[in-house]
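What follows is a short report on a single structure.
Both ligands and their constituent atoms are indexed starting at 1 by order of listing. For the single chain, residues carry numbers from 1 onward in sequence order.
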Amino acid sequence: MRQPALTTTAAYQALAAHHIDIQDKTLRQLFAAEPQRFADMSLDAAGLYLDYSKNRLTADTIALLANLARTRGLVQRRDAMFAGEKINTTEGRAVLHTALRMPRGKELNVAGQDVAADVHAVLDRVRVFTDKVRNGSWLGHNGKAITDIVNIGIGGSDLGPKMACLALRSYAHPRLKMHFVSNVDGHDLDAVLAQVNPDSTLFIIASKTFTTAETMLNAQTARSWFLQHGTEAALAKHFVAVSTNTQAVTAFGIDADNMFPFWDWVGGRYSVWSAIGLPVALAVGFGYFSDFLAGAHELDEHFRIAPLEQNLPVLLALIGFWNRQFLGCASLSIAPYHQDLNRFPAYLQQLDMESNGKRVTRNGAPVDTPTCPVVWGECGTNAQHAYFQLLHQGSDIVPMDFIAALRPTHDHPGHHDALLANCFAQSEAFMTGKTEDEVRAELKAQGLPAAQIDELAPHKTFPGNRPSNTILVDVLSPAALGALIALYEHKTFVQGVLWDVNSFDQWGVELGKVLAKNIQSELTGEAQPARHDSSTNGLIALAKAAQNL
Ligand code: F6P
């Protein structure tokens with residue numbers, strides 16, 4: 001159904017009017033007026049706890065936002081996604097990452113095919129293979145057990161498994177060391193090859209298309225490096241592939257028996273649940289990998305069934321939309337207070353920005369509001385000592401998602417309380433700030449003279465009133481991580497529905513790929529330099545001169 005332009009809808013206009021009504025209310029005032037605010041604005045599902053009370057909104061705001069989501073067809077589009085309809089219209093594909101985490105025995109028929117059965121057939125192969133590598137019965141070409149696994153992939157074929165392997169570090173096999181090579185920059189592969197022994201290394205070439213230039217070059221170089229030590233016949237013990245493209249995999253020299261397939265209905269950035277998650281299954285074992293899938297499935301069920309106003313991913317999406325549209329916040333900062341979630345902000349960058357970094361609707365009309373904010377972040381407490389200054393006192397308001405586990409997976413005394421204290425203190429400080437009067441009273445109590453108080457007070461004043469969510473898990477278990485990722489996947493989907501963009505294509509990445517190919521042939525001298533602009537021509541000339549070309 002063709003959606004009317006967002007700002008012309010009655011539901012959007014009701015929100016705009018409501019924003020005018022409440023825009024002057026501060027978070028301090030909202031908390032003072034609503035003693036039950038935390039209880040009313042926090043909820044849990046699938047092992048995740050969300051506190052959204054520190055946002056500049058009221059229960060009426062949520063009701064109006066949910067109404068907008070309904071009128072944008074969220075319920076119908078959600079159901080269409082779960083049912084396997086081709087909601088990725090520009091590529092003519094279904095979007096079925098949710099099928100990847102359906103429990104065994106459940107059916108999902110799409111165009112006469114039980115895709116859930118297909119998923120479990122591949123999972124069975126993943127179980128057999130990962131068991132062999134983990135128990136040491138998968139041997140390298142000269143009889144050594146595998147000690148190092150090198151995943152070669154980029155984008156969704158790298159970010160998800162890399163993030164999850166780090167996040168589940170405490171559950172990992174002690175013998176297996178995981179490495180990830182993504183960048184076409186040879187320094188990336190070089191650094192990993194310097195650490196591994198070809199006799200005990202397994203390479204996973206992970207690429208949905210098996211045509212991505214960076215991955216293919218890294219894979220070829222890794223293959224050549226291996227062949228300096230082993231024979232062609234030995235490759236089968238050291239190279240496996242994860243892809244949808246059997247032809248290209250076999251052309252590369254990897255036997256179809258050593259290929260773990262997935263399907264075109266799995267988007268790259270939604271693929272960690274598929275065989276692209278092979279490094280995760282190798283690291284933590286198939287049992288924990290199944291828990292990871294089960295955690296995501298529990299969140300899927302919550303998303304599918306819970307009323308919109310009590311639906312975790314929907315709420316997260318509605319709040320983010322409110323901050324973007326009505327508070328004008330152009331970025332979202334992710335602050336995991338858990339070192340093992342170090343790569344989670346990077347993972348979310350692709351998930352969110354590749355999905356909703358769009359400016360036209362599904363029908364090609366311009367979206368008449370801003371869309372996806374810039375997503376960025378870093379682990380606390382490190383981030384506090386880097387850029388939190390701007391978040392506290394800078395001129396832009398940057399909403400924050402704080403993420404933490406109530407219990408650690410280590411047993412070093414003192415650390416976890418210190419970590420959580422910082423996490424909670426920061427969200428409190430962002431909310432309450434410190435008024436100039438409070439600062440003056442504080443300085444006076446310290447005995448400072450009036451002139452010095454006048455001088456210092458503006459610098460020590462914090463505006464506060466800065467919105468944040470806090471998301472807690474009990475412990476960062478495989479199931480909790482699965483639910484956390486699924487939470488953000490569905491959040492991204494809901495925001496795409498609100499803006500009416502296709503969250504599942506990524507045409508914007510293409511232009512750079514084509515231009516890079518042209519310039520590469522100019523750099524190597526295969527093609528005559530094209531007439532670029534003077535800057536690009538100048539840079540090409542410098543690079544060629546450096547290589548005496
Ligand atoms: O960056 C564009 C992109 O297509 C991503 O969407 C994808 O995750 C990545 O490239 C890698 O693609 P592939 O798995 O096909 O190598």
Checklist entry - Going by the atom numbers of ligand 1, which of them fall below 4.0 Å from some non-hydrogen atom of Gly155? => result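 Near Gly155, the atoms of ligand 1 are 8 (O).
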Checklist entry - Nearest non-hydrogen atom to atom 4 (O) of ligand 1 belongs to which of Glu510, Lys513, Lys208? => result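 Answer by nearest heavy atom: Lys513.
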Checklist entry - Any idea which of Glu354, Arg269, Glu214 brings a heavy atom closest to atom 6 (O) of ligand 1? => result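 Result: the heavy atom closest to atom 6 (O) of ligand 1 is in Glu354.
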Checklist entry - When the ring centroid of His173 is compared with that of Tyr288, is the distance short of 6.0 Å? => result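 For His173 and Tyr288, the ring centres are not under 6.0 Å apart.
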For [atom], grab the closest protein heavy atom and report residue, atom and distance to one decimal in Å.
atom	result
atom 8 (O) of ligand 1	Gly156 N, 2.7 Å
atom 9 (C) of ligand 1	Ile154 O, 3.6 Å
atom 12 (O) of ligand 1	Thr212 OG1, 3.4 Å

Item to check | Closest non-hydrogen atom pair, Leu308 against Ala69 | outcome: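 Heavy atoms of Leu308 and Ala69 come nearest at CD1-CB, 4.4 Å.
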Item to check | Test log, rule side-chain hydrogen bond (donor to acceptor under 3.5 Å, both in side chains), inputs Arg362 and Gln3 | outcome: CA-CA 9 Å; Arg362 287 178 301 151; Gln3 291 283 350; over 6 Å; no
Checklist entry - Counting heavy atoms not belonging to Gln247, are there more than 12 under 6.0 Å from its CD? => result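 Atom CD in Gln247 is not crowded, with 12 or fewer foreign heavy atoms closer than 6.0 Å.
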Item to check | Qualifying residues under side chain to side chain donor-acceptor pair (under 3.5 Å), relative to Lys358, sequence neighbours excluded | outcome: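 Lys358 satisfies side chain to side chain donor-acceptor pair (under 3.5 Å) with Asp505 once adjacent residues are dropped.
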Checklist entry - For ligand 1, does Val509 get within less than 4.0 Å through its side chain, its backbone, both, or neither, judged by non-hydrogen atoms? => result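 The part of Val509 near ligand 1 is the side chain, not the backbone.
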Checklist entry - Among Asp340, Asp291, Leu481, which residue meets the side-chain contact (heavy atoms from CB on, under 4.5 Å) test with Leu168? => result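 The side-chain contact (heavy atoms from CB on, under 4.5 Å) with Leu168 is passed solely by Leu481 among Asp340, Asp291, Leu481.
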Next on the checklist: Measuring only between side-chain heavy atoms, which start at C-beta, is Leu293 closer than 4.5 Å to Leu123?
Outcome noted: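 They are in contact (side-chain heavy atoms under 4.5 Å apart), so the answer is yes.
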Checklist entry - Is any N or O atom of Thr215, backbone or side chain, closer than 3.5 Å to an N or O atom of ligand 1? => result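 There is no such contact.
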Checklist entry - atom 14 (O) of ligand 1: protein heavy atom closer than 4.0 Å? => result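 Yes, there is a protein heavy atom closer to it than 4.0 Å.
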